[in-house]
S.K.: 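Quick one: the structure is below, and I'll ask about it shortly.
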Amino acid sequence: MEGFKSFWSQYKGAIIGILIAILILITRLHDLILAIVIIVLGAIVGNYVQQNKEEVKTKLKKFIDRM
């Protein structure tokens with residue numbers, strides 16, 4: 001019993017993470033989570049472009065010229 005307690009105390013975070021991952025995969029919540037992440041990343045990129053218009057323009061021009 002002592003071995004189980006030490007195993008549980010050492011790996012409890014990994015075990016809980018695995019159980020949550022299995023639950024997400026079974027309920028297909030990963031599609032929703034992926035969509036939310038993409039939306040948040042789009043908002044962050046859009047805000048960055050809006051705040052740094054000139055810098056983004058010059059970087060984009062340099063990138064296009066290299067192609």
Side-chain angles (χ1 to χ4, degrees):
M1 192 63 169
E2 187 63 35
F4 178 74
K5 285 183 181 180
S6 67
F7 176 80
W8 176 254
S9 67
Q10 186 174 2
Y11 296 109
K12 132 176 85 173
I15 294 170
I16 292 172
I18 290 170
L19 291 175
I20 290 173
I22 290 171
L23 182 66
I24 287 172
L25 288 174
I26 288 174
T27 59
R28 304 208 25 102
L29 281 175
H30 60 282
D31 293 335
L32 175 65
I33 293 170
L34 181 63
I36 291 171
V37 167
I38 290 172
I39 290 171
V40 169
L41 286 176
I44 291 170
V45 169
N47 186 39
Y48 176 79
V49 169
Q50 183 181 7
Q51 299 297 325
N52 302 303
K53 286 180 188 175
E54 294 302 318
E55 184 180 339
V56 171
K57 280 182 186 178
T58 57
K59 287 182 180 180
L60 200 56
K61 285 180 184 178
K62 287 180 184 177
F63 177 73
I64 291 173
D65 288 340
R66 279 191 278 162
M67 293 180 81

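Note that the coordinates shown come from a computational prediction; the quantities given were computed from them, not determined experimentally.
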S.K.: Under 3.5 Å, sequence neighbours excluded: what are the donor-acceptor pairs made by side chains of residues 56-63?
M.R.:
residue: T58; atom: OG1; partner: E54; partner atom: O; Å: 3.4
residue: T58; atom: OG1; partner: E55; partner atom: O; Å: 2.8
residue: K59; atom: NZ; partner: E55; partner atom: OE2; Å: 3.2

S.K.: Which pair of non-hydrogen atoms, one from L25 and one from H30, has the smallest distance, and what is that distance?
M.R.: CD2-ND1, 3.9 Å
S.K.: With side chain to side chain contact (heavy atoms under 4.5 Å, CB included) as the test, pick out the partner of I16 among I18, I20, L19.
M.R.: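 Testing each of I18, I20, L19 against I16, the sole residue satisfying side chain to side chain contact (heavy atoms under 4.5 Å, CB included) is I20.
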S.K.: Would L41 and I38 count as a side-chain contact (heavy atoms from CB on, under 4.5 Å) here? Give the steps.
M.R.: CA-CA 5 Å; L41 286 176; I38 290 172; 5.7 Å; no
S.K.: If two hydrophobic side chains count as joined below 4.5 Å and joins carry through other members, does I33 share a cluster with I44?
M.R.: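 Yes, same cluster.
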S.K.: Specify whether W8 and F4 have parallel, tilted or perpendicular ring planes, treating 30° as the upper limit for parallel and 60° as the lower limit for perpendicular.
M.R.: parallel
